[in-house]
Amino acid sequence: MRVLIVGGGIAGLTLAAALRRNGCAFRLIERTSTWAPVGAGIVLGVNAMAVLRRLGLAPQVADVGREVRRASITDAEGRRLITASFAPLRRRFGPTFALHRADLHRVLADAAGADSVQLGAALHGLTDDGEGIVATTSDGHEERFDLAVGADGIRSQTRSLAISSREPTYAGYTCWRFVVEAAAPLDETVEMWGRGLRVGLVPLRGTSVYGFAVANAPAGSRDADMLASFLTRFAAFGGHAPAVLARLVAADDLIANDLEEVVLPAWHRGRVVLIGDAAHAMTPNLGQGAAMAIEDAFVLAEELGRHTTPTAAFLAFDARRRRRVTSVQRQSRRVGRIGQW
Ligand code: FAD
């Protein structure tokens, strides 16, 4: 089966890498003209790492990542509430890594290969005539495929063209992310819980720190002077927060977005299937959105190799994924609600 992959994010690139490994023909289209991953840092849990290991990519991730050995939750002043050692998890399932998203993208893009990847091509139209898919891209190009996979993120065009017009729903809190160089390396991952506000600090390689901060806010609210209002909002946080936040110099250092979810009754229709955020974007409270996208990609590639029709492969994919993804999405939502109290 010849596969169209729409979107070269974590889901699309992992699928491309897995299909390439399985010898399955594909074309990946990505609307941006250069690889410019949105986001700052990312934590790859043991389940994401298990898939990357099976794709032969774990050593490359380890090379650019920093192992997460323990994580604490503190109050806003930095007083420790709980610390979890990752050692028992590591013994059973292997290490967890934190890394810059650009580095993860590079590893995945290399594994996907350049031959079947087209940058600067956005999906515009998708027609399923029962025998195949005809896809139209922004450059006017039309091409036929046996099936299409929408890996085009939370505002998926594939989803709205072929599966559902449902819009993402806002979780009630907004987020800022950044990566800065700290004066000295941090020794552990920490999430600090204030009132309706949280700050997370995740050490990356060297002295780099990935930071995130969340606040209860109406949807779409943006401050005129984003950096100044961000620093004021989180000024009461203690621990390492003041030193790390002081490294922010311009509003461009911050990536701001409202946190949203996608919940769909069906992830596939006809010859089109959705994976990753396009299918089930979740709040980031468990750090599992990308892990679920990576698992999706691996399972879909396996099922496409096992079945002779897209429908059979999609049904098998859904059967293996739905309960797990729904449960993780729900737990993440619950942790977020508690954290935002
Ligand atoms: P995306 O990364 O959104 O990629 C979609 C791609 O499709 C993009 O490259 C886009 O340009 C392209 N595209 C869009 N439309 C079109 C079109 N019409 N034609 C062609 N291309 C198109 N997950 C974790 O596992 N660990 C974490 O630590 C973690 N932290 C997070 C922190 C925050 C604050 C947030 C918001 C999320 C976090 N996540 C985390 C979740 C993770 O970021 C997402 O689940 C993951 O990036 C989803 O990948 P994706 O490939 O499905 O979508």
Side-chain angles (χ1 to χ4, degrees), residues 4-16 27-49 51-52 65 68 71 96-101 104-105 108-109 112 117-126 135-139 148-162 168 171 173-178 189 191 198 200 202 204 210-214 254-262 267 274-297 325 328-329 332 336:
L4 169 68
I5 305 172
V6 184
I10 294 171
L13 287 174
T14 308
L15 179 63
R27 192 159 101 94
L28 183 152
I29 55 168
E30 163 55 47
R31 73 175 167 194
T32 60
S33 45
T34 51
W35 292 124
V38 173
I42 191 157
V43 175
L44 292 178
V46 292
N47 54 331
M49 288 306 299
V51 174
L52 295 173
V68 182
T96 298
F97 282 99
L99 60 162
H100 201 293
R101 278 183 191 248
L104 174 62
H105 232 77
L108 294 176
V117 172
Q118 190 186 351
L119 294 174
L123 179 76
H124 263 202
L126 205 54
T136 319
T137 48
S138 43
D139 51 9
V149 182
D152 44 353
I154 192 161
R155 311 229 164 260
S156 169
Q157 174 82 346
T158 314
R159 184 176 69 228
S160 53
L161 286 171
Y173 43 105
T174 195
C175 174
W176 298 264
R177 284 176 276 177
F178 58 86
T189 290
E191 189 168 305
R198 282 179 289 160
V202 183
L204 305 181
Y210 159 44
F212 57 87
V214 288
L254 290 171
I255 298 164
N257 59 284
D258 285 350
L259 296 175
E260 297 174 310
E261 287 188 78
V262 171
W267 294 337
L274 303 174
I275 63 171
D277 277 10
H280 47 64
M282 56 188 69
T283 62
N285 298 290
L286 296 183
Q288 275 290 319
M292 289 298 112
I294 289 170
E295 287 186 0
D296 280 355
V325 166
V328 172
Q329 192 179 42
S332 196

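The structure presented is a predicted model; accordingly, all values stated were derived computationally and were not measured. Indexing begins at 1, ligand by ligand and atom by atom, following the structure's order.
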[X], any N or O under 3.5 Å of ligand 1 N or O:
X	answer
Gln157	no
Leu123	yes
Ala291	yes
Ala11	yes
Val43	yes
Ala278	no

- [ ] With atom 15 (N) of ligand 1 as the reference point, say which of Arg31, Arg177, Arg155 has the nearest heavy atom.
- [x]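 Minimum heavy-atom distance to atom 15 (N) of ligand 1 goes to Arg31.
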Would you call [X] a ligand 1 contact, heavy-atom distance under 4.0 Å?
X	result
Ala121	yes
Cys175	yes
Trp35	no

Tell me, which protein residue and heavy-atom name are nearest [atom], and how many Å apart are they?
atom	answer
atom 12 (C) of ligand 1	Glu30 OE1, 3.2 Å
atom 37 (C) of ligand 1	Pro284 CB, 3.8 Å
atom 39 (N) of ligand 1	Arg101 NH2, 3.6 Å
atom 23 (N) of ligand 1	Ala290 N, 2.9 Å
atom 45 (O) of ligand 1	Asp277 OD1, 2.7 Å
atom 3 (O) of ligand 1	Gly153 CA, 3.6 Å

Task: Backbone N/O of Ala40 and side chain of Arg177: donor-acceptor pair under 3.5 Å - done: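 Side chain of Arg177 to backbone of Ala40, a donor-acceptor pair under 3.5 Å: no, none is there.
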Open item on the list: Please check this pair: side chain of Gln288 against backbone of Gln329, looking for a donor-acceptor N/O pair closer than 3.5 Å.
Closed with: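 The answer is no, because no donor-acceptor pair under 3.5 Å joins these two groups.
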Task: Matching residue for His280 among Val328, Val325, Ile154, Val262 - test: side-chain contact (heavy atoms from CB on, under 4.5 Å) - done: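 The passing option is Val325.
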Task: Approximate separation, where rounding is to 0.5 Å, of Thr158 OG1 and Leu126 CG - done: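 The OG1 atom of Thr158 sits 6.5 Å away from the CG atom of Leu126.
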